[in-house]
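Bear in mind the structure is a predicted one, so any value in this text is a computation, not a measurement. Labels below follow one simple rule: chain letters A, B, ... track the order of the sequence lines, proteins then strands, and each chain is numbered from 1.
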Amino acid sequence: MADDIFKKLIAHCKEYGFVFPSSEIYDGMGAVYDYGQLGVELKNNIKRYWWESMVLLHENVVGLDSAIFMHPTVWKASGHVDAFNDPLIDNKDSKKRYRADVLIEDLIQKFEGKIAKEVTKAKKRFGDSFDEEQFKTTNPRVLANQAKIDEVHGRFVKALEENDLAELKAIIEDYEIACPISGSRNWTDVRQFNLMFSTEVGSTADGAQKIFLRPETAQGIFVNYLNVQKTGRMKIPFGIAQIGKAFRNEIVARQFIFRMREFEQMEMQFFVRPGSEMDWFKKWKETRMSWHKALGFSEDSYRFHDHDKLAHYANAATDIEFKMPFGFKEVEGIHSRTDFDLSQHEKYCGKKIQYFDPELNKSYTPYVIETSIGVDRMFLTMMAGSYCEEELEKDSRVVLKLPPVLAPVKLAVMPLVKKDGLPDKARAIIDNLKFDFNCQYDEKDSIGKRYRRQDAIGTPFCVTVDHQALEDNTVTIRYRDTMEQERVSIDDLHHIISEKVSYKSLYAKIK
RNA sequence: GCGGGAAUAGCUCAGUUGAUAGAGCAUUAGCCUUCCAAGCUAAGGGUCGCGGGUUUGAGUCCCGUUUCCCGCUCCA
């Protein structure tokens, strides 16, 4: 049932120009999507809501737009190079996945264990007169095992250096390494699992530099910490906010735009005094949750999910989850990252990255609270939370009950009939409002059909121009969710609409 | 990555034992002039995901491949 709704949502996104599969005319690209004419409006509105609520609302939060390309050492310092660069292999019978390098290291250990056993045995036999070095260089069993170790090790190191995955598999096959669970040697090919996409800068002739596409925007903030703090005369506590693309080469990317290999993040790193991080963690948890709830979806659409298993950099972490058609899913993460990142960069770049706190009269490495939200996931929650199929008395409708602030089109203006000067009147209304609101004009088909079309794309207001408008300058305004209509003066339209689509009224609800 | 299913017009789908590719909705133009879709007329739009094979002939049968969906796996 839920799957059904999700499928319909995906179809709806495509049919009305919210989200298209990437490169569709060439059969598409797995897990890559493009935002269409309405999708880009919704996405921009989401970003604006976030940006303003961070940067305008907090005088101690400033923005940043750092480059996607960064110095390769950044990713060594952050831990991404070591943590996510593994050759993986699957056993086809047990369906278990292993790191090929670990399997081979285990094999070497096995041989070393055999040698150690021989040595222990010999020690017992020869007692004090035992010469370990001499034994190791002459005993045929030890030598045989040592030869195997040398051979495996030599091939292993070379394969790793040359990134030769076929050779890794060959080692596993040659030495008949079996799956500990199934006991079988029925292996898949070895595949490199690189979390990070890489590319090259410079011509290959004079040795190009291998660089990565950033897997998170956070590091752009950390490497600019000193720049912003000094030039902006920022005093702790303060935050740096950034919106930007990030890239992760996920093995399995699925569930529409929920997990993509290219995605957009809205991250804010908040620098605090060591020891105060838990208070700030709590504070931002509340603030971020109220940001979500201000949009008006039901209370039970959201929940926190605290992490038991923490990442290498964190000492506290929680997710804000939204009730999707396929269950509660993470939309935003709030992490207490300690001083891990700044300390690491200090270590790798050799420059002091600290803050002199005049109140304490001492320097320290600030602690960091991070709030990180996926724009695409936020987009999906808005679509999933808004999509409704309603049964009416005589028929049914599909309506996107998007928060009016975020709706791609704010109002549609339509002449009741396309003659008697009504179209001109409608056009004049649009000309007056188009600089403040995204408007659509529609005169095609019956008025009811036009309302349905606007419902399907989430337009909160429809203004209908009838003959009375020509006499007394009034029109009807029809509300998407209730389908109720009011007759109002054309002069009041701007006021009525701006009140309901204002970001400001939402900001007032954020703690 | 493994296993299963699917792919025909913008959308939802039909297409018989293999023989000139269809419907509804949508779109465009016109008629009608109407406050909650589906009135009338006409038009445009598909080398049936892609590549091979079998066949006189393939949307249909076979093989491969790509993409999507479901489950498992993975997810700092």
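Using the six-membered ring where Trp is involved, A:F437 and A:H494 have ring planes that are tilted, between 30° and 60° apart. Ring orientation note: the planes of A:H292 and A:Y302 are tilted relative to one another, at an angle of 30° to 60°. Using cut-offs of 30° and 60° for the angle between ring planes, the A:Y225 and A:F271 rings count as tilted. Aromatic ring orientation, A:H345 versus A:F222: tilted (interplanar angle from 30° to 60°).
As rounded to the nearest Å, B:A7 and B:C13 have C1' atoms that lie 13 Å from one another. Separation of the P atoms belonging to B:C50 and B:U66 is 15 Å when rounded to the nearest angstrom. The gap from the P atom of B:U16 to that of B:A6 amounts to 16 Å, rounded to the nearest Å. As rounded to the nearest Å, B:G44 and B:G10 have P atoms that lie 16 Å from one another.
Across all strands shown, B:G5 is found opposite B:C68 as a Watson-Crick or G-U wobble partner, with both distances under 3.5 Å. With both pairing distances under 3.5 Å, B:C61 is matched to B:G53 as a Watson-Crick or G-U wobble pair. The partner of B:A43, taking Watson-Crick or G-U wobble pairs whose two distances both stay under 3.5 Å, is B:U27. When both pairing distances are held under 3.5 Å, B:C74 makes no Watson-Crick or G-U pair with any nucleotide shown. The pairing partner recorded for B:U17 is none, the criterion being a Watson-Crick or G-U wobble arrangement whose two distances lie under 3.5 angstrom. Across the strands present, B:U33 finds no partner; the criterion is a Watson-Crick or G-U wobble pair with both atom distances under 3.5 angstrom.
Closest contact between the side chain of A:R453 and the listed nucleotides B:C36, B:U27, B:C11 involves B:U27. The listed nucleotides are B:A37, B:G10, B:C35; the one nearest the side chain of A:K449 is B:A37. Among the nucleotides B:U33, B:C36, B:C69, the one closest to any side-chain atom of A:K418 is B:U33. You'll find that the side chain of A:S446 is closest to B:A37, out of B:C35, B:C36, B:A37. Proximity note for A:K419 (side chain, C-beta onward) versus B:U33, B:A37, B:C11: the nearest is B:U33. Across B:C75, B:C35, B:C11, the shortest atom-to-atom separation from the side chain of A:K14 is found for B:C11. Comparing B:C35, B:U12, B:A37 by their nearest atom to the side chain of A:A11 picks out B:U12.
In this structure, NZ of A:K444 is placed 13 Å from P of B:C25, rounded to the nearest angstrom. When the C1' atom of B:C13 is taken as reference, atom NZ of A:K8 falls 14 Å away, rounded to whole Å. Atom pair A:M483:CE and B:A37:C1' shows a separation of 10 Å (rounding to whole Å applied). In this structure, A:K169 places its NZ atom 13 Å from P of B:G1, rounding to the nearest Å.
Nucleotides of RNA chain B nearest to A:D445 and A:I10 differ in position, and the one nearer the 5' end is that of A:D445. A residue-by-residue look at A:H335 and A:T464 shows that A:T464 has its nearest nucleotide of RNA chain B further toward the 5' end.
Within 4.0 Å of A:D466, counting heavy atoms only, lies at least one base atom of the nucleic acid. Residue A:I447 is classed as a sugar-phosphate contact, given heavy-atom separations below 4.0 Å to backbone atoms only. A:S396 comes within 4.0 angstrom of a base, heavy atoms only.
Summarising the local packing, NZ of A:K500 is surrounded by more than 12 heavy atoms from other residues, nucleotides or ligands at distances under 6.0 Å.
Here the closest heavy-atom approach between residue A:I429 and residue A:V465 is recorded as CD1-CG2, 3.8 Å.
Side-chain to base pairing of A:R478 with B:C35: no donor and acceptor N or O lie closer than 3.5 Å to each other.
Side chain to side chain, A:S78 and A:Q219 fail the donor-acceptor criterion of an N or O pair below 3.5 Å.
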